[in-house]
Amino acid sequence: MAEKSFKYVILGGGVAAGYAAREFGKQGVQPGELAIISKEAVAPYERPALSKAYLFPEGAARLPGFHVCVGSGGERLLPEWYKEKGIELILSTEIVKADLPAKTLVSAAGETFKYQILIIATGSTVIRLTDFGVQGADAKNIFYLREIDDADKLVEAIKAKKNGKAVIVGGGYIGLELGAIMSINNFDVSMVFPEPWCMPRLFTSDIAAFYEDYYTNKGIKIIKGTVAVGFTADSNGEVKEVKLKDGRVLEADIVVVGVGGRPLTTLFKGQVEEEKGGIKTDAFFKTSVPNVYAVGDLATFPLKLYNELRRVEHVDHARKSAEQAVKAIKASEEGKSVDEYDYLPYFYSRSFDLSWQFYGDNVGDTVIFGDNNPKSPKAKFGSYWIKEGKVVGAFLEGGSAEENQAIAKVAKLQPSVQSLDALKSEGLSFASKI
């Protein structure tokens, strides 16, 4: 097989890859210098659309509408953009071997790719129930959502099983977003998760209670404190029942599983330093191997604000870390320097008519403020996290752009507070005056 050589290779075709390519375009890249190698069949796109507008029953998002970088208000990079820039998009290509000392990647088809500088942007893969040997977890119509192919299969099933029963396994991001989507698609929805409340990695019980009640009012059944231990299928091999650990059995035409992801680092095991489940980097996303960078979900990087190493699985960090790595690469070539990555953790979600944002760190004491009645026509409420007398995190449901900017500022500046009661009564106005 022929060998191809590039100055820069971005391995992975997700959000980080697209934003890195745009930054190379801004910084200046010669035709033929840069390649993106992706196992997906399409140019990089904004992955969050897959669990939201892509699955809408009407007015659904479709490519080319949500190629990067529209998710952050930037230009849309169509395949033609890469062509114009002389960036080679090598799609439907799975890399099965990476030899970092030899600066070589090998594809499943036996093609060899050489590079001078590598950006690892392989992201995460979903955790599957089959990984744990769950009985019947290989039945048809049990779906996971990571790539556009997954979403396309789910769209077909939604059409085929019109007005059927859906069981959502997991109470995190994907669980909540897909629970809403399946309800909007007129399915009878049950959500199952083992924790005492939804989104436990971020939400307090008070915050979670609002969303659980809101979903219940939409007709979604929420089943907490148990897990799916098996599935039964009909004669066509299609899922028909979900067996729960507590003995209950739920009917199902479609099952969507969202029980987390794991970073795709297998190709690099033993070749690069790892920490906290990811590839360890510095504040410029350089790894322990010269000329190898890692960005997005799989990078364990120094979070300057909290003076600790963290891995962040979110689209905002995928975008910003990719841009930082490219700036650092170009600066080092020109003998210049760039500022260290100074990231403020940010998470958001949208479902039904709801929209929340969170900034900072969810540690310490909490206060909740505002109208958190799930029956309110336009609920707006929030929460602050207070550690050692300072506000370190802030959450807001139903905020305007200005209000969301205000809570972000609070989380970044970490103002002192004297009294939790006073903070609770001030609520959003505390953030607005910082």
Side-chain angles (χ1 to χ4, degrees), residues 14 39-42 45-63 65-66 92 124-132 134-193 198 215 218-223 227-244 248-261 349-352:
K39 71 183 180 66
E40 292 195 71
V42 293
Y45 57 88
E46 300 283 4
R47 215 179 281 288
L50 298 184
S51 60
K52 301 178 183 72
Y54 201 82
L55 302 174
F56 284 173
E58 287 167 21
R62 287 291 177 268
L63 289 178
F66 60 99
S92 305
S124 297
T125 186
V126 293
I127 293 169
R128 295 176 180 271
L129 297 180
T130 45
D131 299 343
F132 307 109
V134 175
Q135 183 192 2
D138 53 355
K140 292 175 190 165
N141 294 334
I142 298 178
F143 296 97
Y144 300 83
L145 197 58
R146 178 68 192 172
E147 298 177 354
I148 204 158
D149 281 356
D150 302 325
D152 285 338
K153 287 170 189 164
L154 181 53
V155 167
E156 288 311 307
I158 288 169
K159 288 176 188 163
K161 302 292 179 183
K162 206 169 169 60
N163 306 333
K165 293 180 188 297
V167 174
I168 310 296
V169 177
Y173 263 108
I174 292 293
L176 285 169
E177 293 185 355
L178 265 293
I181 284 288
M182 296 308 285
S183 174
I184 291 165
N185 277 283
N186 212 28
F187 274 69
D188 179 354
V189 179
S190 299
M191 289 180 65
V192 180
F193 49 90
C198 66
Y215 275 49
K218 291 282 189 185
I220 294 171
K221 290 178 276 303
I222 293 182
I223 303 165
V227 292
V229 291
F231 301 89
T232 55
D234 63 16
S235 56
N236 297 321
E238 296 183 347
V239 70
K240 66 171 184 177
E241 287 175 339
V242 183
K243 295 186 229 169
L244 305 184
R248 278 183 275 187
V249 177
L250 307 177
E251 289 179 50
D253 299 296
I254 290 177
V255 174
V256 184
V257 182
V259 291
S349 185
R350 294 188 298 274
S351 56
F352 293 118

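Count residues from 1 along the sequence.
Expressed to the nearest 0.5 Å, how far SG of Cys198 lies from CG of Leu176 amounts to 4.5 Å. Note that NZ of Lys153 and NZ of Lys140 are 13.0 Å apart. Values are rounded to the nearest 0.5 Å. Atom OG of Ser51 is separated from atom CG of Asp150 by 12.0 Å, given to the nearest 0.5 angstrom. For the atom pair OH of Tyr45 and CZ of Arg62, the computed distance is 12.5 Å after rounding to the nearest 0.5 Å. Rounding to the nearest 0.5 angstrom, the gap separating the CG atom in Asp253 from the NZ atom in Lys240 is 11.5 Å. Note that NZ of Lys162 is 7.5 Å distant from CG of Asn186, once rounded to the nearest 0.5 Å.
The shortest non-hydrogen separation linking Pro57 to Ile184 is CD-CG2, 3.6 Å. Taking both residues in full, the closest heavy atoms of Asp188 and Lys221 are given as OD1-NZ, 2.8 Å, listed atom of the first, atom of the second, then distance. The two residues Ser349 and Glu177 have their closest heavy-atom pair at OG-OE2, 2.5 Å. The heavy-atom pair separating Ala228 from Leu244 by the smallest distance is CA-CD2, 4.1 Å. Of all heavy-atom pairs between Ala137 and Ile142, the closest is O-CD1, 3.7 Å. Summarising the geometry of Ser351 relative to Tyr215, their closest heavy-atom pair is OG-OH, 2.9 Å, with the distance given to 0.1 Å.
More than 12 non-hydrogen atoms from other residues, nucleotides or ligands lie less than 6.0 angstrom from NZ of Lys218.
Val134 has its side chain out of reach of Arg128: every pair of non-hydrogen atoms, C-beta onward, lies at least 4.5 Å apart. Two residues are said to be in side-chain contact when any heavy atoms from C-beta on lie closer than 4.5 Å; Arg146 and Arg47 meet this criterion. A 4.5 Å side-chain heavy-atom check between Ile181 and Phe187 finds every atom pair outside the cut-off. Ile148 places a side-chain heavy atom less than 4.5 Å from the side chain of Leu50. Residues Ser183 and Phe352 form a side-chain contact, since some pair of their non-hydrogen atoms from C-beta on lies under 4.5 Å apart. Two residues are said to be in side-chain contact when any heavy atoms from C-beta on lie closer than 4.5 Å; Val155 and Tyr54 meet this criterion. Ile174 places none of its side-chain heavy atoms less than 4.5 Å from the side chain of Tyr144. Looking at Phe143 and Leu178, their side chains never come closer than 4.5 Å, going by heavy atoms from C-beta outward.
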Using side-chain contact (heavy atoms from CB on, under 4.5 Å), reason through Val259 and Val169 one step at a time and then give a plain yes or no. CA-CA 7 Å; Val259 291; Val169 177; 4.1 Å; yes
side-chain contact (heavy atoms from CB on, under 4.5 Å), that's the test. Do Thr232 and Val249 meet it? Break it down for me. CA-CA 10 Å; Thr232 55; Val249 177; 6.0 Å; no
Salt bridge (Lys or Arg N to Asp or Glu O under 4.0 Å), that's the test. Do Glu156 and Lys159 meet it? Break it down for me. CA-CA 5 Å; Glu156 288 311 307; Lys159 288 176 188 163; 3.8 Å; yes
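No donor-acceptor pair under 3.5 Å is formed between the side chain of Asn141 and the backbone N or O of Ile254. Asn185 contributes a side-chain N or O that, together with a main-chain N or O of Leu55, makes up a donor-acceptor pair within less than 3.5 Å. Of the possible polar contacts, one joining the Asp234 side chain to the Asn236 backbone as a donor-acceptor pair under 3.5 Å is found.
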